[in-house]
Amino acid sequence: MSHQVKSKDTLLFSDHDWDFDMLSRIYGAVEKIAVDEMGLDTYRNQIEVITAEQMLDAYAATGMPLLYKHWSFGKQFLRNETLYRKGWQGLAYEIVINSDPCIVYIMEENSATMQAIVLAHAAFGHNHFFKNNYVFQQWTDASAILDYLAFAKAYISSCEERYGLEAVERLIDAAHALQHNGVHRYPGKHSLDLVAEQRREIERREHAERLYNDLWRTLPKPRARGGRDLNEERRRALLGLPEENILYFLEKTAPRLAPWQREILRIVRQIAQYFYPQRQTKVMNEGCATFTHHRIMTRLHEKGQISDGAFLEFLQSHTNVVMQPEFDDRRYGGINPYALGFAMMQDIERIANEPTAEDRSLFPNFAGKENAYDVLRDAWANYRDESFILQFLSPEVIRKQRLFRLVDDPVEEDLVVAAIHDEDGYREVRRSLARQFDVARQDPDIQVVDVDLKGDRRLLLRHHVVDGVTLEAGDAARVLQHLANLWGYGVRLVEEDDQRTYTTLEAEPAQAFA
Amino acid sequence: MHIIDRRVDPGGKSLANRQRFIRRARALVRQAVRDASASRKIREIGEGGAVTIPADGVHEPIFRPTSSGGMREHVLPGNKTYIAGDHIERPEGGGGGAGSEGSPDGQGEDQFRFVLSREEFLELFLEDLELPNLAKRQIIGEDVTRRLPAGFRTAGPPAALSVTRTMRRSLSRRIALGRPSPEDIERMTREIEEMEAAGDAPERIATLRAELERQMRRSVSIPFIDPLDLRFRRLETHPEPIARAVMFCLMDVSASMDEAMKDLAKRFFSLLYLFLTRRYERVEIVFIRHTHEAKEVDEDTFFHSRESGGTVISSALEEMVRIAKERFPLDQWNIYGAQASDGDNLSSDNPRAVALLRNAILPISQYYAYLQVANGGEERGGGGIFPRQETTLWRAYSEVLEPSLPMAMRKVSSPRDIYPVFRELFEKKSDGVGAE
C-alpha cells in the first residue's frame, strides 16, 4: 500500500474530545472496514452514551437495561460502587448487550480514540459474534430479550404487589441459588409429548411382537423384582428423569408451587439460559471483538483516518487488554480470555497467509489459502471455547505463551508438570486447556434422578463426581435447603462416582412455598 | 444506527435494589453501624461512611466445587524452566499461586464492606430512639402550617383556576347581557334561507337580516369568558400545633472529672445532640456546665473549652430551674434534662441537690436522665475484693428514684458502653407517645 499523507481532511478526529457528529463519522468509517473488508454481519446498533454512575447501575443489573428488582443486585451495586469510589477498580469502557438492535453502552469519559475502539470492539466485534455464533443462535433470542425482560420486571413487581415483597424475595433467593442448574445444556425435546409417548409405546410393543420367539418362554422366570424395576423405569421416564435442569424440573413437577411461583422460576431460568452462551464463549467472544478492533484501528491508521498519536493511544490500551501475566506473576489471575482469543485468531490469520511446514501438516484445510477472514468467520460461527481450542490452538501459540500443564493429584506429594510446549506435549496441553474452558465440566454435574412417589415424595439428586472434586459442603447444604423448600418435601443429594459414594446430604423443607 | 444520549436520564436506577439490600441485611447493617460508631469519633458519625458486615449474612449460595481436594489440572502460561515430569512443591493452602484460577470468585471473602450514605447511616444509627412523653403541643411560629381551602378570589395563578366557578359566572353574565347562543344564530340564518328559498315577504327578510347582524355584533362584543368571570381557589395557611421541647444538658467539668471521664460525658452529650438535631426539628438545647458554679454556655464552649474547680451539683440544677422559668413556660414546652457527672459532689450539697430535683425539676420535666461516668479502672476494681462504693450523689439520687417519676439513672465506664446506655435511656417504649 502506498504511503498516504495524513491531512486534516482525512482525519476523523484530531483531538481528545468527541461530539455526536464525530461519533457518527467514526461509526461510518469503522463500519466501512468491518463490513466491506472483514465481511462482518451484525445486528443494527443502538449506541447509548452513559455516565460513570449509569455504568455502575448497568453493572449491578448484569448489564441489562432493565431487570427485576432484587436485593442481590443492590449488593452487587454496593460492592462495585465501593471498589470504584476507592479507586480499586476502574469501569469498563463499554457494555454490549446481545439484543436486536444490539445495545452498546459507551462511557462519556472515553476519549475520541477510545470511542473508536469501543465501537469497533463492541458494535462490530461482539455484535457479529452474537448474531452468527451457533450457541447464541441456538439458545438466545436477541430480538425478544428486551421485551421479555420488560415482561419479567412487570410480572415480578405485580407479584410483589399481590403476594408481598417478602414472599417474592424468598422465592427469587431460592431460584437464584439454583440458576446455574436451570440451564438446558443440550438441545432436544424437553417437554414430554403424551401423544408421541403413546405412539412410541405401541411401536415398542409391535417391535417386541416381531421379535417374539417361543423359545424364550422356556427360560427360567426372572425374580419378581424385574416388574418393579420396569415400573421405576417407567415412572422416571414419565417424570422426564434424569433431568439436569433442576429449575425446569421444579417448574413442571414440583407438587406444591402456585402458578405464579412456577412463572418466576421460569423467568429466572430463561435469563440464566440467555447468559449461558456467554459463559461458553468467553475466549471466542472477547477474541473476536479484540481481533476486530485491532484490525479496524490498524486499518483506520493505514488509511490516514486516525493520527499517529491516536494510534499510539490505541496500542497502549490494546496492550493492556491483551496482557497475560505469567503464572508466577503476582498479577496472575487465570488465563486472560482476551489475550488467548486474540493470539489464536491472529495465529489463524498467520497460518492462512504465511504458514510454516508444521502448520501445513496440522491445518491443511486453510494453511496458505490466504482466506483468513473466511476461516475466522467460520470459526466464529461454528465453535465454542472448548471446540475452538481443540481445533485451532496451534503449537506456535503454545510455544509463544509457553503453556504447560500442571497436575495436582492429592495422592502425590508434589504437583507434577505433565506436559510443556514440546512435540510430546502439544496435544496434551491443548486437550487440557480445552477442558479448562468447557463450562459443562466446570459446573458440577447434578441431576434429579428419582422421586419416591410411593413413599414420602423425597426428591433424589445425584452429583456425578468427576476427578474426586466434591461440592463445597456449606453452600451445598444451603442450596439444598432452598431446593427442599421449593419441592415441598424432603430432598437427598448423593455425591458419587462409579467407584464410591462421597457424601449424602439431606434437607427437609423448613418454610415450604405453598 | 442510533446514537442516544442517556446521560440526561434520571439516575438512581439502582436505588431500589440498594434499599432492598439494606432492608434485607438490616439487622447486620444496624449492628455494623453501631459497632462502627463505637470506634469512630462522634463528629464522624454524622458523615456516614463505610461499614463492614459479615458476608455470610448476605451470601448467595450455589452448587460449586470445593476449592481443594480431588484431582485437578491446570494449564498455565509462562513456563520458564520446567520440563515434563518435573515435581513442584505444593504451594501453601492447597491452591496458592498456581491453582488460583481453580477457586471461584467470592470465596474466602468473609467480610462485605460497603459505603452507606449519611442519611442511611444516621437512619440506622438512630433507629427506634425517641424523647419519651413528648406530650404538650403548642401553636408556634409560622413555618409549621397547613394550607386549607378558604373560598375563592378574583386573581391567582392559572393552576388555581376554578373552572366550575368561572364557567358558572360566565354563564350567568351571558344570560344577563343577552348574548345570543350559536343555536339562536343558526336558527335565524336557517329561517332567512328558507324565506329566500320561498321567495316571499322581502321586507320581512330585510328585518331579519338586520336583526341577525345585530345579534352577530352582540355575540362578538359580549365575550364568552370575560376576565371578570375568572375565579381562583383561595388557600389559607393555618398554623399547626406541634410539640416543642427543650433539652437541658448539664455537665460536670470539675477537677475530679479526669480527661477520660470528661470524654465519656462529652460523647454522651454529642450523641444526644446528634439525636435531637436529626430527629426533631423543634428542640431547643440549653448547655449548662458547672464546677462549683454553673454557667449557661454555647455549644462550642460546652464541647470544647476546659475549666476546672470544685463540684456543687445544685448550682447546675438551680441554673436549669432558673432558665426554664425564664424562657420556657411550662404550658408551652416539654422539658427534658440530661445530667452527667462523676457523682463526686460536695457532700453537704447533696440534700440540696436532691430537694431541687424532687421539688423543682422533676415536677416540670417530662424526663430526666442522670449519667454517672467513672473511669474504667475503678469499675474493674469494683468486681474485686472491695465492694464498689456508690458515690454519694448516686445514693442520694437513688432515693428519689421511683417508678412513677420520669427519671432514669445509668453508669458508664468505657466508651463502648456509651451507645448501649444511650439507647437504654432513649429507646422507644412501645406504649410511649410516639411523636416527631
Among the listed options Ala84(B), Pro77(B), Ser14(B), the residue most often paired with chain A at heavy-atom distances under 4.5 Å: Pro77(B)

Structural part of Leu83(A) lying under 4.5 Å from a heavy atom of chain B: neither

For Arg113(B), is it the side chain, the backbone, both or neither that has a heavy atom under 4.5 Å from a heavy atom of chain A? both

Counting heavy-atom pairs under 4.5 Å with chain B, which one of Val429(A), Ile106(A), Asn181(A) comes out on top? Asn181(A)

Find out whether Phe114(B) and Glu81(A) are in side-chain contact, i.e. whether some heavy atom of one side chain is under 4.5 Å from a heavy atom of the other. no

Give, as side chain, backbone, both or neither, the part of Pro325(A) having an atom under 4.5 angstrom from any heavy atom of chain B. backbone

Close side-chain approach of Val407(A) and Met71(B), heavy atoms under 4.5 Å: yes

Note: Glu60(B) and Ser72(A) closest approach over all heavy atoms is OE1-CB, 2.9 Å

Tell me which of these, Asp422(A), Leu165(A), Asp443(A), Leu56(A), has more heavy-atom pairs under 4.5 Å with chain B than the rest. Leu165(A)

Hey, could you give me the CZ/CD1 distance between Phe404(A) and Ile83(B), rounded to the nearest 0.5 Å? 13.0 Å

Interface moiety of Leu403(A) toward chain B, non-hydrogen atoms closer than 4.5 Å: both

Could you measure the distance from the CG atom of Asn79(B) to the CZ atom of Arg399(A)? Nearest 0.5 Å is fine. 14.0 Å

So Asp328(A) and Lys80(B), do their side chains get closer than 4.5 Å, heavy atoms only? yes

Hey, could you give me the CG/CD distance between Asp5(B) and Glu48(A), rounded to the nearest 0.5 Å? 10.0 Å

Holding to side chain to side chain contact (heavy atoms under 4.5 Å, CB included), I want the full list of residues that pass it with Ile88(B), two or more places apart in sequence or in another chain. Leu406(A), Leu415(A), Val417(A), Tyr82(B)

Quick check for you: to the nearest 0.5 Å, what is the distance between His2(B) atom NE2 and Asn45(A) atom CG? 10.5 Å

Atom group of His463(A) that falls short of 4.5 Å from chain B, counting heavy atoms: neither

Side chain, backbone, both or neither: which part of Leu67(A) has a non-hydrogen atom closer than 4.5 Å to chain B? neither

Between the main-chain N or O of Arg7(B) and the side-chain N or O of Thr51(A), is there a donor-acceptor pair closer than 3.5 Å? no

Cationic N near anionic O, under 4.0 Å, Glu160(A) to Arg20(B): yes

Would you say Arg6(B) and Val49(A) make side-chain contact, with heavy atoms under 4.5 Å? no

Grab the two heavy atoms, one from Pro65(B) and one from Gln442(A), that are nearest each other, plus how far apart they are. CG-O, 3.9 Å

Can you tell me how far apart CD1 (Ile62(B)) and CG (Leu178(A)) are? Round to the nearest 0.5 Å. 10.5 Å

Greatest number of non-hydrogen atom pairs under 4.5 angstrom with chain B, of His421(A), Glu166(A), Glu169(A), falls to Glu169(A)

Is there a side-chain contact between Asn17(B) and Phe77(A) (heavy atoms, below 4.5 Å)? no

Are the charged groups of Arg24(B) and Asp173(A) less than 4.0 angstrom apart, N to O? yes

Of the backbone (N, CA, C, O) and the side chain (C-beta and beyond), which part of Gln54(A) lies under 4.5 Å from a heavy atom of chain B, both, or neither? side chain

Which region of Pro444(A), side chain (C-beta onward) or backbone (N, CA, C, O), has a non-hydrogen atom less than 4.5 Å from a non-hydrogen atom of chain B, or is it both or neither? side chain

Hey, are the side chains of Leu78(A) and Arg18(B) touching, using non-hydrogen atoms and a 4.5 Å cut-off? yes

Under 3.5 Å, side chain of Lys75(A) to main-chain N/O of Val58(B), donor-acceptor pair present? yes

Using a cut-off of under 4.5 Å for heavy-atom pairs, which of Lys13(B), Arg23(B), Met1(B), Gln19(B) has the most such pairs with chain A? Met1(B)

Of all of Ile50(A), Asp475(A), Leu493(A), which one pairs up most often with chain B through heavy atoms under 4.5 Å apart? Asp475(A)

Excluding sequence neighbours, so at least two apart, what forms ring pair (Phe, Tyr, Trp, His ring centres under 6.0 Å) with Phe63(B)? none

Nearest 0.5 angstrom please: Gln46(A) CD to Ile3(B) CD1, how far? 11.0 Å

Is the closest side-chain heavy-atom distance between His87(B) and Glu412(A) below 4.5 Å? yes

Honestly, the part of Ala177(A) sitting under 4.5 Å from a heavy atom of chain B is both

A side-chain contact here means heavy atoms from C-beta on lying under 4.5 Å apart; do Arg435(A) and Val75(B) qualify? no

